[in-house]
Amino acid sequence: MAEAMWYVVHTYSGYENKVKANIEKTIENNKHLAEQILEVRVPMQDVVEMKNGARKTVQKKMFPGYVLLNMEMNDDTWYVVRNTRGVTGFVGPGSKPVPLTEAEMKPLGIKTENVSVDFVEGDSIAVVAGVWKDTVGIVQKLDYGKQTATINVELFGRETPVEIGFAEVRKL
């Protein structure tokens, strides 16, 4: 089995989220693809805009017209992605897709190393870094593909689910 790498897919402008949804739906319908196409991303960034004199933070696409895929490149996955509605092709010379290098992925905030964890769903964990530092929560869900844990934190008197990276937490 080939190693999963990150590839860039060119889409019609404005179709990024639709392409992401279509690929994810195809993966859902074809279970064998779930082990080959691991993640589909539309990279977003927070941008502060001034509207009517008020500062507002909105999410904008980092690369309009492009979608990132973490997948094993083979004939099946290439065919599925290439024939997804809204996809114009892979980024690379001719018809040969070129995976992103480690240096190209670093500014995107995509971590390739897997962090092993010593906690499971239902365990109490403490957040040791990031926005939610010094927060304690109970693990609701673990996503090993994205390397995140979903915990419930109290926010304004309500339990709110928050997704935290594995590297930012430790078991209590």
Side-chain angles (χ1 to χ4, degrees), residues 3-28 34 36-73 77 80-82 84-93 97-115 117 125-135 137 139-153 155-156 158 160-170:
E3 184 185 346
M5 307 278 286
W6 284 95
Y7 295 90
V8 181
V9 176
H10 190 264
T11 67
Y12 295 123
S13 187
Y15 277 70
E16 301 89 349
N17 292 327
K18 190 166 257 335
V19 165
K20 179 180 189 252
N22 288 343
I23 291 172
E24 287 172 345
K25 188 172 186 135
T26 303
I27 293 168
E28 208 174 285
Q36 298 172 352
I37 301 176
L38 305 175
E39 191 176 350
V40 185
R41 272 197 192 180
V42 178
M44 305 291 271
Q45 66 183 353
D46 289 331
V47 178
V48 177
E49 289 183 346
M50 293 292 286
K51 282 200 176 176
N52 301 330
R55 293 171 58 98
K56 186 177 180 183
T57 303
V58 294
Q59 287 221 312
K60 297 251 185 189
K61 293 178 185 91
M62 288 174 81
F63 309 109
Y66 295 94
V67 174
L68 300 178
L69 287 162
N70 187 12
M71 62 184 241
E72 295 173 13
M73 184 56 69
T77 56
V80 166
V81 173
R82 185 67 184 86
T84 298
R85 187 178 195 162
V87 171
T88 60
F90 281 93
V91 172
V98 177
L100 291 173
T101 64
E102 202 71 38
E104 291 169 329
M105 291 169 44
K106 199 169 240 165
L108 302 177
I110 299 171
K111 295 177 177 60
T112 54
E113 76 277 354
N114 286 344
V115 177
V117 293
I125 58 171
V127 182
V128 295
V131 177
W132 296 100
K133 185 176 182 184
D134 300 328
T135 304
V139 179
Q140 302 300 315
K141 185 174 105 181
L142 294 173
D143 187 334
Y144 291 97
K146 290 168 49 177
Q147 296 280 296
T148 60
T150 302
I151 63 170
N152 278 348
V153 297
L155 187 65
F156 303 119
R158 289 191 171 161
T160 306
V162 175
E163 200 173 69
I164 309 272
F166 284 167
E168 299 175 5
V169 296
R170 67 172 168 76

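Predicted model, so just to flag it, every value in this text is computed and none were measured.
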Just to verify, what does [X] make a side-chain contact (heavy atoms from CB on, under 4.5 Å) with, not counting sequence neighbours?
{"X": "D134", "value": "none"}
{"X": "L38", "value": "A4, N70"}
{"X": "T88", "value": "H10, Y12"}
{"X": "K133", "value": "none"}

Excluding sequence neighbours, so at least two apart, what forms side chain to side chain donor-acceptor pair (under 3.5 Å) with [X]?
{"X": "T135", "answer": "none"}
{"X": "T101", "answer": "E104"}
{"X": "Q59", "answer": "D46"}
{"X": "Q45", "answer": "none"}

Test I151 against every option in T160, V169, V127 by the side-chain contact (heavy atoms from CB on, under 4.5 Å) rule and name the one that passes.
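Among T160, V169, V127, the one meeting side-chain contact (heavy atoms from CB on, under 4.5 Å) with I151 is V127.
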Among V40, I23, T11, exactly one meets side-chain contact (heavy atoms from CB on, under 4.5 Å) together with T84. Which residue is that?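 Answer to the side-chain contact (heavy atoms from CB on, under 4.5 Å) test with T84 among V40, I23, T11: I23.
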Which residues pass the salt bridge (charged side-chain N to carboxylate O under 4.0 Å, His left out) test with E24, not counting sequence neighbours?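 Here the qualifying residues are K20.
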What's the shortest heavy-atom distance between [X] and [Y], and which atoms?
{"X": "P43", "Y": "L68", "result": "CG-CD1, 3.4 Å"}
{"X": "P97", "Y": "Y7", "result": "CB-CD2, 3.8 Å"}
{"X": "V153", "Y": "W132", "result": "CG2-CZ3, 3.8 Å"}
{"X": "L142", "Y": "A149", "result": "CD2-CB, 3.7 Å"}
{"X": "I37", "Y": "M71", "result": "CA-CB, 3.8 Å"}

| task | Would you mind reporting whether V67 and Y15 have side-chain heavy atoms less than 4.5 Å apart? | result |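 Sidechains of V67 and Y15: no contact.
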Donor-acceptor check, side chain of T150 to backbone of P161, threshold 3.5 angstrom: yes or no?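 It does not hold such a pair.
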task: If a pair satisfies salt bridge (Lys or Arg N to Asp or Glu O under 4.0 Å) and one of its residues is in residues 55-68, list it, with sequence neighbours excluded.
output: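 Output for this query lists E16-K61, E49-K60.
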